[in-house]
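Scope of the values below: all heavy atoms of this structure, side chains included, with no hydrogens, waters or symmetry mates.
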Amino acid sequence: MFIRNQTALIQKEITSIFVYNLSILTAVVLLGFCANFVSANSAQTSTNVSPAKIGFKYQEIKAIAKKLNNQSAPEELEKLVEKSTDFIAAFPEYKRVDEVYYRLGNALFRLERVEESIKVFEELDKKDPDARWVAPILLELGLAYDKLGKHDKADEAYNKLINHSKYGERSYAQHAKTILEQDKASRKGELPKPPGASSTPVSELVGKPAPDFLVTDLKGEELTLEKYRGQVVLLDFWATWCGPCIREMPNVKRTYEKYKDQKFQIIAISLDRSQQPLEAFIEREGLAWVHYWDKSQKITNQYGVRGIPSTFLLDGEGVIRKTNLRGHSLETAVAELVKENLAKPTDTRPQSIPATKLIKPSPASQKTESLEALKAKMNEWVGKPAPDFLVTDLKGEELSLEKYRGQVVLLDFWATWCGPCLVEMPKVKKTYEKYKDQKFQIIGISRDNSKTPLEAYVEKEELTWINYWDENGKLTDLYKVIGFPTTFLIDGAGVIRKASLGGSDVETAVAELVKENLAKPYLPEKTPSDSLVDNQKADAKAKEIIDAAVAAHGGLEKLQAVKNIVMETHSFEHHPDAEIDDEGIAKLYYFPDKFRGDRIENNDTYSVIFDGTSVYYIDNGEIEQLPPEKAKSYAKDYKDRDFRTQIWPLTDLLKKDVTVQYQGTEKVRDVLASVLLVTHTSGKKIKVFISEKTHYVVQLTYTAKFGREEQMVVKYFGDYRDVDGIKIAYHRATKTFEYRETLITDIKLNTEIDETLFRPKEANE
């Protein structure tokens with residue numbers, strides 16, 4: 001059986017298109033606008049196409065490419081090739097055509113059309129040798145030639161990159177230098193793996209002993225993890241050039257000051273390019289914990305870190321308990337682990353031992369012990385209500401446990417890469433075929449690394465039950481699954497009757513519960529009066545939670561008094577390849593019936609305006625009005641979802657035309673939260689998670705359309721601040737395909753707003 005950590009995998013890319021998705025969720029926490037331009041059709045050759053429309057087509061290509069970052073779906077790659085080829089032919093002088101060249105060449109390379117990719121890369125290099133995307137193009141040009149065995153031509157591309165006046169010191173050039181150091185015969189057109197790099201993904205390190213190291217810290221003292229055995233340790237990978245790291249620093253400092261005298265230590269691993277700025281920052285900010293400059297990235301590779309900030313929280317025995325903690329969740333996790341550690345008997349081992357005697361715990365023995373304990377712990381679920389959820393299954397349909405109340409449900413956590421899961425599959429199929437017509441359903445929850453192998457396996461094996469790809473590990477975390485296969489058998493009342501880690505006698509357990517369910521249904525038909533009573537109880541609980549949230553955020557009177565808002569934000573997108581894109585600064589203007597958002601990125605300005613009737617997009621002064629049909633739909637959507645900020649929706653939740661249902665509690669980043677299912681007048685549903693302790697909104701979950709696809713969006717909120725007596729979340733982290741964070745840099749309530757801003761002609765002038 002495979003034991004795997006179930007924290008969220010490094011998130012894939014989601015489209016960053018620039019139509020503001022004014023959904024309920026964006027609203028609840030006052031954090032800028034989601035960038036989602038309406039998808040355009042493939043490029044046209046007409047010279048009359050407006051700059052805004054060209055921008056839409058470019059964003060569509062970018063969205064497809066991002067979606068494919070960690071996948072190699074041939075059909076999608078072919079679509080990317082087609083759209084990119086058309087775009088380059090139609091708009092060869094577009095300001096960002098260099099990126100389209102790269103996307104085209106990269107897609108061709110991944111489709112094994114290597115010679116075609118070389119032609120694309122060389123065309124752009126010849127056309128604009130200083131273009132922004134020339135660095136990755138030259139690197140992949142070299143890889144393409146290496147793949148064909150033309151190593152001399154590859155060397156030319158690598159050396160051109162290394163000697164480039166603009167990009168010769170960038171990371172792509174460093175990759176090229178590493179490749180040139182290899183024996184030519186060994187070069188197969190792939191990036192070399194860094195020496196000492198971990199073969200285990202970061203997401204799978206939780207529950208395992210932290211890799212030890214022996215280095216010298218910035219004070220010249222010997223540094224090992226063994227030295228701090230018996231203490232809780234936070235490994236913090238960061239750099240002074242990393243904006244998100246710097247913004248997180250106050251939170252790290254606060255946590256250190258609070259727990260530094262309670263057997264807690266921080267070891268900061270810096271990825272700075274030189275030691276001087278690191279030492280200057282440490283001294284200026286008074287960072288009193290342990291620091292190490294990972295010049296050669298030895299420890300960074302050892303832990304498989306691909307993006308910063310990245311954190312690992314270790315318990316007193318040197319086992320990694322959590323990763324990638326930030327904001328409020330960092331202090332919460334440290335507090336819990338420090339408390340647990342202090343409750344244990346004092347460790348009598350010496351605090352430091354010679355490096356020659358470092359002894360690492362036996363992973364095998366730890367695994368055996370933990371496995372038995374984990375299996376026993378599964379029984380704690382039995383007799384408890386199964387946590388509900390709201391997601392979208394592989395068929396694009398809404399999926400929740402509530403939908404199958406009255407039926408016996410088997411929740412099956414598995415993956416196509418899991419051998420034991422595949423061994424169990426014939427039993428599962430046999431059980432489903434036997435009982436599928438007897439109020440029995442299976443919900444397969446997959447933790448595959450991508451959707452492609454899952455869909456292929458489901459089709460090949462004809463798994464006709466419901467299947468869901470748990471891409472970000474939300475449901476796996478919800479049910480605290482730590483190994484595969486894991487199953488939960490749920491009765492008609494939604495109560496867990498059996499929970500199993502590893503193989504089990506599925507058919508016998510299902511047979512017994514199906515028989516019991518058919519003999520005594522758990523959900524008899526209710527009379528209208530019964531339903532009314534139940535709804536009143538649910539409404540009362542929901543209203544109690546909403547009232548507490550309204551009070552915590554500033555009170556009904558203050559919230560209702562807000563008539564307009566001006567807000568500035570700064571957003572960053574975290575890529576799986578460890579790069580962080582600065583998505584630019586945005587300024588947003590909110591009226592109760594109007595909206596404007598301006599975004600500046602790479603010296604380009606984009607805007608969206610809703611003047612109460614029409615919708616306009618502005619690309620560097622060029623205005624594009626949305627066609628009447630789309631504008632009407634957008635306007636209706638905007639008015640239906642009057643949840644544009646955190647301020648208005650809290651009061652709107654109390655209106656009679658909005659349905660709110662209390663759905664119990666769930667943990668969000670270790671914060672216990674009440675869950676409300678909100679159904680708007682448009683029929684759209686959103687889950688709102690409100691902290692039981694602070695009564696702040698901490699998470700939103702909903703489906704949104706990106707291009708032509710419905711995707712589940714999860715938004716976390718933190719760092720609440722007081723603005724004119726109203727609590728507003730200054731930080732939002734969004735997870736769908738990727739990880740994006742948005743920070744509010746300035747906000748004003750009830751400030752004067754020049755209404756000409758909502759008139760595109762004046763705005764253009």
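- Residue pairs satisfying the ring-ring contact (aromatic ring centres under 6.0 Å, His included) criterion with at least one member in residues 424-457, sequence neighbours excluded, are listed as follows: Trp414-Tyr457, Tyr432-Trp465.
- Checked by atom type, the side-chain pair Asp448/Thr416 shows a donor-acceptor distance below 3.5 Å.
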Tell me, with the steps shown, if Val409 and Leu401 meet side chain to side chain contact (heavy atoms under 4.5 Å, CB included). CA-CA 8 Å; Val409 175; Leu401 282 180; 4.2 Å; yes

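- Residues Glu433 and Lys436 are paired through a salt bridge, judged by an N-O separation under 4.0 Å between the basic side chain and the carboxylate.
- With sequence neighbours excluded, no residue forms a side chain to side chain donor-acceptor pair (under 3.5 Å) with Glu397.
- With a 4.5 Å cut-off on side-chain heavy atoms, Glu461 and Met425 do not count as touching.
- Under the rule for a side chain to side chain donor-acceptor pair (under 3.5 Å), the partners of Lys434 that lie at least two apart in sequence or sit in another chain are Glu507.
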Check the pair Thr392, Leu399 against side chain to side chain contact (heavy atoms under 4.5 Å, CB included), reporting the backbone distance first and the verdict last. CA-CA 5 Å; Thr392 303; Leu399 172 62; over 6 Å; no

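- Between the OH atom in Tyr404 and the CG atom in Asp388 there is a gap of 11.5 Å [rounded to 0.5 Å].
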Go through the steps to decide whether Gln661 and Thr659 satisfy the test side-chain hydrogen bond (donor to acceptor under 3.5 Å, both in side chains), and finish with yes or no. CA-CA 7 Å; Gln661 296 174 306; Thr659 303; over 6 Å; no

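- Rounding to the nearest 0.5 angstrom, the gap separating the CD1 atom in Ile442 from the OG1 atom in Thr487 is 10.0 Å.
- Within the model, atoms OG of Ser84 and CG of Leu108 stand 8.5 Å from one another, a figure rounded to the nearest 0.5 Å.
- You'll find the side chain of Gln438 stays beyond 4.5 Å of the side chain of Asn517, heavy atoms only.
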Could you go through Thr665 and Ser674, starting from their C-alpha distance and side-chain angles, then the distance that decides it, and tell me whether this counts as side-chain hydrogen bond (donor to acceptor under 3.5 Å, both in side chains)? CA-CA 4 Å; Thr665 60; Ser674 299; over 6 Å; no

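- Between the OG1 atom in Thr452 and the CD atom in Glu455 there is a gap of 6.5 Å [rounded to 0.5 Å].
- Counting only heavy atoms from C-beta outward, the side chains of Lys208 and Val319 never approach each other to under 4.5 Å.
- By the 4.0 Å N-to-carboxylate-O rule, Glu380 lies too far from Lys480 to be salt-bridged with it.
- A 4.5 Å side-chain heavy-atom check between Ile490 and Leu411 finds at least one atom pair inside the cut-off.
- No donor-acceptor pair under 3.5 Å is formed between the side chain of Lys322 and the backbone N or O of Leu330.
- A donor-acceptor pair is defined here as one N or O able to donate and one able to accept, closer than 3.5 Å; such a pair exists between the side chain of Tyr303 and the backbone of Pro211.
- Nearest heavy-atom pair, Asp412 versus Pro485, reported as atom, atom and distance to 0.1 Å: OD1-CB, 4.5 Å.
- A distance-only check finds no donor-acceptor pair linking the side chain of Asp491 to the backbone of Arg497 [under 3.5 Å].
- Here Phe413 contributes atom CZ and Leu475 contributes atom CG; the two are 6.0 Å apart, rounded to the nearest 0.5 Å.
- Taking 4.5 Å as the limit, some side-chain heavy atom of Glu76 sits within range of a side-chain heavy atom of Ile64.
- Between Phe389 and Tyr479, the ring planes are perpendicular. Angles over 60° get that label, and only those under 30° would be called parallel.
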Candidate pair Val81 and Leu77, rule side chain to side chain contact (heavy atoms under 4.5 Å, CB included), full reasoning: CA-CA 6 Å; Val81 168; Leu77 286 169; 5.6 Å; no

Is there a side chain to side chain contact (heavy atoms under 4.5 Å, CB included) between Trp469 and Leu394 once you walk through the steps? CA-CA 7 Å; Trp469 178 37; Leu394 287 186; 4.1 Å; yes

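- For Asp470, the side chain to side chain donor-acceptor pair (under 3.5 Å) criterion is met by Thr476, not counting sequence neighbours.
- Annotation: side chain of Tyr662 is in contact with side chain of Leu676 (closest heavy-atom distance under 4.5 Å).
- Under 4.0 Å is where a charged nitrogen must lie from a carboxylate oxygen, and between Lys79 and Glu82 no such pair does.
- Listed by chain and residue number, Leu489, Lys498 satisfy the side-chain contact (heavy atoms from CB on, under 4.5 Å) test with Ala509 (two or more places apart in sequence, or in another chain).
- The side-chain heavy atoms of Leu111 and Glu78, taken from C-beta on, include a pair separated by under 4.5 Å.
- Using a 4.5 Å heavy-atom cutoff, the side chains of Tyr716 and Leu700 are not in contact.
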Run the numbers on Lys715 and Glu741 for salt bridge (charged side-chain N to carboxylate O under 4.0 Å, His left out), then give the verdict. CA-CA 10 Å; Lys715 293 181 179 176; Glu741 62 177 353; over 6 Å; no

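- Side-chain atoms of Asp393 do not come within 3.5 Å of backbone N or O of Ile466 as any donor-acceptor pair.
- Checking side-chain atoms of Arg447 against main-chain N and O of Glu471 turns up a donor-acceptor pair under 3.5 Å.
- No salt bridge links Lys515 with Glu512; every basic N to acidic carboxylate O contact stays at or beyond 4.0 Å.
- Looking at Glu340 and Arg321, a side-chain N of the basic residue comes within less than 4.0 Å of a carboxylate O on the acidic one, giving a salt bridge.
- The salt bridge (charged side-chain N to carboxylate O under 4.0 Å, His left out) check on Lys403 picks up nothing, with sequence neighbours excluded.
- Here the NZ atom belonging to Lys384 is positioned 9.0 Å from the CD1 atom belonging to Ile496, to the nearest 0.5 angstrom.
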